[in-house]
Amino acid sequence: MTDAVAPATDAPAARRPARVIALDVLRGIAILGTLGTNIWIFTSSAGMIGYLDQLAATPENAWMWSERVLQQLAQGKFLGLLTVMFGIGLAIQQGSAQRGARRWPGKYPYRAGLLLLDGLLNFLFVAEFDVLMGYALTGLVVAYILATSERAQRRWLIIAASVHVTMLTLIAAALAFEPARDNADSAPLDPNPYADGSFWDLVLFRLDNALMFRLETIFVFPMSIALFLVGARLFRAGVFQPEGARMRRVLMVVGFGVAAPLDLVVGIGGGGDLILFTRYGAAPFVALAILAAVAEFYLRRPRTGFAGARLSEVGRTALSCYILQNLIAGILCYGWGFGLAARVPESARVPFTVAVFLFVAVAIVIFAHLWLRRFERGPVEWLWNRTYRALAG
């Protein structure tokens, strides 16, 4: 997440790989896409708790249906894309180590430890739905898997994917035999730290409910391992190279032709518990199709263009932008900031959420552009890199 490529610093310039534009653009898309999912959490007056309750609610008017459609368009796709991009990043770092005749995973555990610390701080002080902690642990496991043979890596991928599918199947069976539930809304938060609490109150609330807020990280661990390995395999197989044309076509046909329609129909029409199966079942295939489409686009059109340049800048400062977008949204929506989420009537929640998304997205795009005009790395990336070098020597 901190580098689009990780060339060996001790290798001659001629041996360093060219920066792949599509990688930066994809990181930018993934960062803004995760904002498209998470923004509904910020604009709920009850934060994460209210967002989860709303997912289970049956739409009663046009605004609620429009909310479900907008949520489903982003639900899981960009989480999956970001996960795959982390796997690609690992493959790039491994390739850099091999070109520099360095052991792998070598000092990568220092990187994983720093990412874990970043995630912990982000979880406590910015957003309880942080993904960095999970990626740190997954990356540490996958780094050692990548040091094994291709056959062993394929075996690990199959095992991880099988465990994930088995878990989804067991959940489906449990839901099928579960007694009918009362659809009444759960009791409101009292007190509500999102709307009425201070910054420190919200930190304590996250600590008190850490297990609940970290359940997704535990649940998706097998899926994350599988997607990390898929990303690494796709990168090594040439998905960003001209010879990967057939691979990209297959990914787009499966993702856009099969998974995307299924995801939208089930997610919008069913909602509730079925979102589990779209977010963690169909959505990763859509993510792979997005990756293939962007790779194909930039192979056919090597010029970055205005939109591509802005997305690539967000991608190059991905870690900074991920934290910053959550921080800005928190300032706008939570009680310790402007507290707008609690002031907006429910009937205006959808246009309010869209407006906040556009404001935050534009803000981080402008930040990334202005920052990179003067500096080579984002601020968090710079601090992360300096700390890593100090720890790893």
- [ ] If the plane angle is over 60° it's perpendicular, under 30° parallel, otherwise tilted; pick one for Y334 and F42.
- [x] tilted
Task: Heavy-atom side-chain contact between I364 and L32 under 4.5 Å - done: yes
Task: Aromatic ring pairing F367/W371, orientation class (parallel under 30°, perpendicular over 60°, tilted between) - done: tilted
Task: Shortest non-hydrogen contact from I290 toward F256 - done: N-CZ, 3.8 Å
Open item on the list: What's the separation between atom CE in M133 and atom OG1 in T217, rounded to the nearest 0.5 Å?
Closed with: 7.0 Å
TODO: Side-chain contact test, heavy atoms from C-beta onward, threshold under 4.5 Å: evaluate it for N326 versus F129 and give yes or no.
DONE: yes
- [ ] Output yes when a side-chain donor or acceptor of W156 lies under 3.5 Å from a complementary backbone atom of A226, and no otherwise.
- [x] no
Task: Closest contact, heavy atoms only, F78 versus A30 - done: CB-O, 3.9 Å
Open item on the list: What I'd like to find out is whether the side chain of F285 reaches to under 4.5 Å of the side chain of V258, using heavy atoms alone.
Closed with: no
Open item on the list: Restricting to non-hydrogen atoms, name the atom on L146 and the atom on L90 that form the minimum distance, rounded to 0.1 Å.
Closed with: CD1-CB, 3.9 Å
Open item on the list: Quick one: does any side-chain atom of R214 pair with a main-chain N or O of E128 as donor and acceptor, under 3.5 Å?
Closed with: yes
Task: Side-chain (N209) to main-chain (F205) donor-acceptor, under 3.5 angstrom - done: yes
TODO: Take R301 and E296, measure what salt bridge (Lys or Arg N to Asp or Glu O under 4.0 Å) needs, and give me the verdict at the end.
DONE: CA-CA 9 Å; R301 184 181 180 273; E296 183 71 23; over 6 Å; no
Open item on the list: With a 4.5 Å cut-off on side-chain heavy-atom distances among I, L, V, M, F, W and Y, is there a chain of contacts connecting I218 to L227?
Closed with: no
- [ ] Determine, stepwise, if the pair Y280 / F219 fulfils ring-ring contact (aromatic ring centres under 6.0 Å, His included).
- [x] CA-CA 10 Å; Y280 306 117; F219 172 72; 5.2 Å; yes
Task: Parallel, tilted or perpendicular: ring planes of F213 versus F123, cut at 30 and 60 degrees - done: perpendicular
Task: V254 reachable from M247 in the ILVMFWY side-chain graph, under 4.5 Å edges - done: no
TODO: May I ask you to test the T317-L324 pair for a side-chain heavy-atom distance under 4.5 Å?
DONE: no
Open item on the list: Hydrophobic clustering (ILVMFWY, side-chain heavy atoms < 4.5 Å, transitive) - are W40 and F338 grouped together?
Closed with: yes
Open item on the list: Using 0.5 Å steps for rounding, measure from the CZ atom of R151 to the CZ atom of R155.
Closed with: 5.5 Å
Open item on the list: Can you confirm whether W200 is buried at CH2, in the sense that more than 12 heavy atoms of other residues, nucleotides or ligands lie under 6.0 Å from that atom?
Closed with: no
Task: Point-to-point distance, once rounded to the nearest 0.5 Å, from CD1 of I41 to OG1 of T353 - done: 11.5 Å
- [ ] Would you tell me whether Q54 and R68 have side-chain atoms, one donor and one acceptor, within less than 3.5 Å of each other?
- [x] no
Open item on the list: Let me confirm one number: the CZ-CD distance from R386 to E381, rounded to the nearest 0.5 Å.
Closed with: 14.5 Å
Task: S45 side-chain N/O to A341 backbone N/O, donor-acceptor pair under 3.5 Å - done: no
Open item on the list: To the nearest 0.5 Å, what is the distance between CE on M252 and CZ on R248?
Closed with: 7.0 Å
Task: Student check: side-chain heavy atoms of Q325 and T34 closer than 4.5 Å - done: yes
TODO: Please tell me if the side chains of F228 and I145 come closer than 4.5 Å, counting only heavy atoms from C-beta onward.
DONE: no
Task: Residue pair F235 / I92: nearest heavy atoms and the distance that separates them - done: CZ-CG1, 3.6 Å
- [ ] Taking R316 for its side chain and R27 for its backbone only, find out whether a donor-acceptor pair lies under 3.5 Å.
- [x] no
Open item on the list: Under 4.5 Å between side-chain heavy atoms, counting indirect links through other Ile/Leu/Val/Met/Phe/Trp/Tyr residues: same cluster for V380 and I366 or not?
Closed with: no
- [ ] Could you pull out the closest heavy-atom pair between L35 and A361, with the gap in Å?
- [x] CD2-N, 4.0 Å
Open item on the list: Tell me whether R310 forms a cation-pi arrangement with F306, defined as NZ or CZ under 6.0 Å from the six-membered ring centre and within 45 degrees of its axis.
Closed with: yes
Task: Under 3.5 Å: donor-acceptor pair, side chain of K107, backbone of A392 - done: yes
Open item on the list: Any side-chain to backbone donor/acceptor pair from Q71 onto T37? Under 3.5 Å, distance only.
Closed with: no
Open item on the list: Quick one, D263 with R279, criterion salt bridge (Lys or Arg N to Asp or Glu O under 4.0 Å). Give me CA distance, side-chain angles, the key distance, then yes/no.
Closed with: CA-CA 8 Å; D263 175 271; R279 180 177 172 85; over 6 Å; no
- [ ] Consider only side-chain N and O atoms of Y135 and S224, and report whether a donor and an acceptor are under 3.5 Å apart.
- [x] no
TODO: Please check if the side chain of S149 supplies one atom and the backbone of A152 the other of a donor-acceptor pair under 3.5 Å.
DONE: yes
TODO: Output yes when a side-chain donor or acceptor of N61 lies under 3.5 Å from a complementary backbone atom of M64, and no otherwise.
DONE: yes
- [ ] Please answer whether the main-chain N or O of P191 pairs with a side-chain N or O of D196 as donor and acceptor at a distance below 3.5 Å.
- [x] no
Open item on the list: For the CZ atom on F375, are there more than 12 heavy atoms of other groups (residues, nucleotides or ligands in this structure) within a distance under 6.0 Å?
Closed with: yes
Task: Within one Ile-Leu-Val-Met-Phe-Trp-Tyr cluster: V141 and L120, side-chain cutoff 4.5 Å - done: yes
Open item on the list: Does R154 form a salt bridge (Lys or Arg N to Asp or Glu O under 4.0 Å) with E150? I'd like the steps, not just the answer.
Closed with: CA-CA 6 Å; R154 185 166 57 250; E150 286 290 325; 5.4 Å; no
- [ ] Check the pair L114 / L391 against side chain to side chain contact (heavy atoms under 4.5 Å, CB included), numbers first and verdict last.
- [x] CA-CA 10 Å; L114 281 174; L391 290 174; 4.0 Å; yes
TODO: Working to the nearest 0.5 Å, report the span between CD1 of I29 and NZ of K77.
DONE: 15.0 Å
Open item on the list: If you count heavy atoms of other groups shown closer than 6.0 angstrom to CZ of F199, is the number above 12?
Closed with: yes
Task: Check: T278/Q75 side-chain N/O donor and acceptor closer than 3.5 Å - done: no
- [ ] Carefully, step by step, assess I328 and L332 under the rule side chain to side chain contact (heavy atoms under 4.5 Å, CB included).
- [x] CA-CA 6 Å; I328 295 174; L332 291 173; 4.2 Å; yes
- [ ] Test L311 against D24 for side chain to side chain contact (heavy atoms under 4.5 Å, CB included), laying out the working first.
- [x] CA-CA 7 Å; L311 287 169; D24 289 330; over 6 Å; no
- [ ] Find out whether F86 and L115 are in side-chain contact, i.e. whether some heavy atom of one side chain is under 4.5 Å from a heavy atom of the other.
- [x] yes
Open item on the list: Does atom CD (E243) have a neighbourhood of more than 12 heavy atoms from anything else shown, all under 6.0 Å?
Closed with: yes
Task: pair L288-L234: side-chain heavy atoms closer than 4.5 Å - done: yes
- [ ] Evaluate the side chain to side chain donor-acceptor pair (under 3.5 Å) criterion for residues R236 and Q153: first the C-alpha distance (whole Å), next the side-chain angles of each, then the deciding distance (0.1 Å), finally the verdict.
- [x] CA-CA 13 Å; R236 292 195 302 245; Q153 292 174 44; 2.6 Å; yes
Open item on the list: If I compare all heavy atoms of G257 with all of P261, which pair ends up nearest, and what's the gap?
Closed with: O-CG, 3.6 Å
Task: CA sep, side-chain torsions, deciding dist, call: I39, V356, side chain to side chain contact (heavy atoms under 4.5 Å, CB included) - done: CA-CA 8 Å; I39 198 65; V356 173; 3.5 Å; yes
